[in-house]
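Scroll down for the structure; my scribbles are underneath it.
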Amino acid sequence: AVFVERISESLGLEYICGDWDDRDPSLSVSEAQVRELRQTFFDSFISQYPGALIVTGHQKNDILETLMLRIARSSNISGLAAPRPISTFANRKVFVRPLLTVTKESVEAALIDCEIEWREDVSNKNPVFDRNRLRNEIIPAWQNATQFDLHQSAEQVREYLEEADDVLNHLLDSSNLPS
């Protein structure tokens, strides 16, 4: 948080940080609970700053992880098309993900070239979370067992699913149905 605050200040950007002060550290927390709290924070942010965009650091590696998690949860086509480069929600919350075509390794290399230290949340190593087991164990083993670039393939599949979802939504829109 301190690192992000310093970067924000150096870029002349306002830094806003959410805290989870009332959490009992002795209790186990699920990924769903953390996701819900994060979304609540973003909802509050958007209500304070209408029209603001939420820019995330999601990159190409996140696409494969998300696709695998969504398959495991039996997501629909819209869920399987995530994460989209731009996602808009009913409460005017907009997420922008400019790094989806870039791998984590490329981001790390670019930071090193710019003499910026790579930072990673220590919770990303915790195997209690499904995403971390995928990221740290399953995907590397799968990549070693195949000739295909799994991240590139997942990016392409995500794009196909997004196109299919957009077409279905267009066709289902009552204004576009033939009379």
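In this text the structure is predicted, and so the values were computed from the model without any measurement.
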(message) Under 4.5 Å between side-chain heavy atoms, counting indirect links through other Ile/Leu/Val/Met/Phe/Trp/Tyr residues: same cluster for F41 and L37 or not?
(response) no
(message) With a 4.0 Å cut-off on N to O distance, would you call E36 and R38 a salt bridge?
(response) no
(request) Supply the atom-to-atom distance L64 CG to L69 CG, rounded to the nearest 0.5 angstrom. (result) 9.5 Å
(request) Look only at the side chain of N132 and the backbone of N126, and say whether a donor-acceptor pair between them is shorter than 3.5 Å. (result) yes
(request) Please answer whether the main-chain N or O of K104 pairs with a side-chain N or O of N61 as donor and acceptor at a distance below 3.5 Å. (result) yes
(message) Can a side-chain donor-acceptor contact be found between S123 and D121 if the only test is distance below 3.5 angstrom?
(response) yes
(request) Answer yes or no: is there a donor N or O on one side and an acceptor on the other, between the side chain of D173 and the main chain of N169, under 3.5 Å? (result) no
(request) Taking the side chain as every heavy atom from C-beta outward, state whether R135 and D62 have any pair of such atoms under 4.5 Å apart. (result) yes
(message) Tell me whether L134 shares a hydrophobic cluster with L150, the cluster being built from Ile, Leu, Val, Met, Phe, Trp, Tyr side chains joined at under 4.5 Å.
(response) yes
(message) Has D165 got a side-chain atom pairing as donor or acceptor with G79's backbone, closer than 3.5 angstrom?
(response) no
(message) Determine whether a donor-acceptor pair (N or O, by modelled atom type, separation under 3.5 Å) exists between the side chain of R97 and the backbone of H58.
(response) no
(request) Could you tell me whether the side chain of M68 reaches within less than 4.5 Å of the side chain of I139, counting heavy atoms only? (result) yes
(message) Under the criterion side-chain contact (heavy atoms from CB on, under 4.5 Å), I'd like the reasoning laid out for L161 against V157: C-alpha separation, chi angles, the key distance, then a yes or no.
(response) CA-CA 6 Å; L161 290 165; V157 167; 3.7 Å; yes
(message) Using side-chain heavy atoms (C-beta onward) and a distance below 4.5 Å, is I7 in contact with L13?
(response) no
(message) Does E105, at its CD atom, have more than 12 non-hydrogen atoms belonging to other residues, nucleotides or ligands within less than 6.0 Å?
(response) yes
(message) Just verifying a value: how many Å separate K60 NZ and L99 CG, rounded to the nearest 0.5 Å?
(response) 12.0 Å
(request) Using atom types as modelled and distance alone, determine if a side-chain donor or acceptor of Y15 lies under 3.5 Å from a backbone N or O of A1. (result) yes
(request) Please assess H170 against V167 for the test side-chain contact (heavy atoms from CB on, under 4.5 Å), listing each intermediate value before the final yes or no. (result) CA-CA 5 Å; H170 177 75; V167 167; 5.6 Å; no
(request) Measure from the side-chain N and O atoms of Q143 to the backbone N and O of F148, and report whether any donor-acceptor pair falls under 3.5 Å. (result) yes
(request) Would you name the heavy atoms of P127 and E137 that are closest together and state the gap between them? (result) CB-OE2, 4.2 Å
(request) With rounding to the nearest 0.5 Å, note down the distance linking CD in E163 to CD1 in I77. (result) 10.5 Å
(message) Looking only at side-chain N and O atoms, does S106 offer a donor or acceptor that is under 3.5 Å from a partner on T103?
(response) yes
(message) So, taking the atom named CD in E155 and the one named CD in E159, what distance separates them when rounded to the nearest 0.5 Å?
(response) 5.0 Å
(request) Decide if atom CZ of R92 counts as having more than 12 heavy atoms of other residues, nucleotides or ligands within a radius under 6.0 Å. (result) no
(request) List the steps and the verdict of side-chain contact (heavy atoms from CB on, under 4.5 Å) for V94 and I46. (result) CA-CA 9 Å; V94 178; I46 290 301; over 6 Å; no
(request) Return yes when atom OH of Y160 has more than 12 non-hydrogen atoms of other residues, nucleotides or ligands closer than 6.0 Å, and no otherwise. (result) no
(message) Would V107 and W118 count as a side-chain contact (heavy atoms from CB on, under 4.5 Å) here? Give the steps.
(response) CA-CA 9 Å; V107 172; W118 173 256; 3.8 Å; yes
(message) Tell me if the CZ atom of R133 is crowded by more than 12 foreign heavy atoms within 6.0 Å.
(response) yes
(message) I'd like to know if D166 and R84 make a salt bridge, using a cut-off of under 4.0 Å between side-chain N and carboxylate O.
(response) yes
(message) Taking T101's backbone N and O only, do any of them form a donor-acceptor pair with Q59's side chain (distance below 3.5 Å, no angle check)?
(response) no
(request) Decide whether I116 and L11 are clustered together by the hydrophobic rule: side chain heavy atoms of Ile, Leu, Val, Met, Phe, Trp, Tyr closer than 4.5 Å, transitively. (result) yes
(request) Nearest 0.5 Å please: distance from the NZ atom of K93 over to the CD1 atom of I54. (result) 6.0 Å
(request) Determine whether I16 and F95 fall in the same hydrophobic cluster, where Ile, Leu, Val, Met, Phe, Trp and Tyr are linked whenever their side-chain heavy atoms lie under 4.5 Å apart. (result) yes
(message) For the backbone of I71 and the side chain of S75, can you confirm whether one donor and one acceptor N or O come within less than 3.5 Å of each other?
(response) no
(message) If you compare all heavy atoms of E162 against all heavy atoms of P85, which two are closest, and at what distance to 0.1 Å?
(response) OE1-CD, 4.0 Å
(request) Measure the CZ-OG distance between F42 and S47 for me, rounded to the nearest 0.5 Å. (result) 13.5 Å
(message) For P83, run the side chain to side chain contact (heavy atoms under 4.5 Å, CB included) check against T56, T66, L67 and tell me which one passes.
(response) T66
(request) Report yes if some heavy atom in the side chain of V55 is under 4.5 Å from a heavy atom in the side chain of P98; otherwise report no. (result) yes
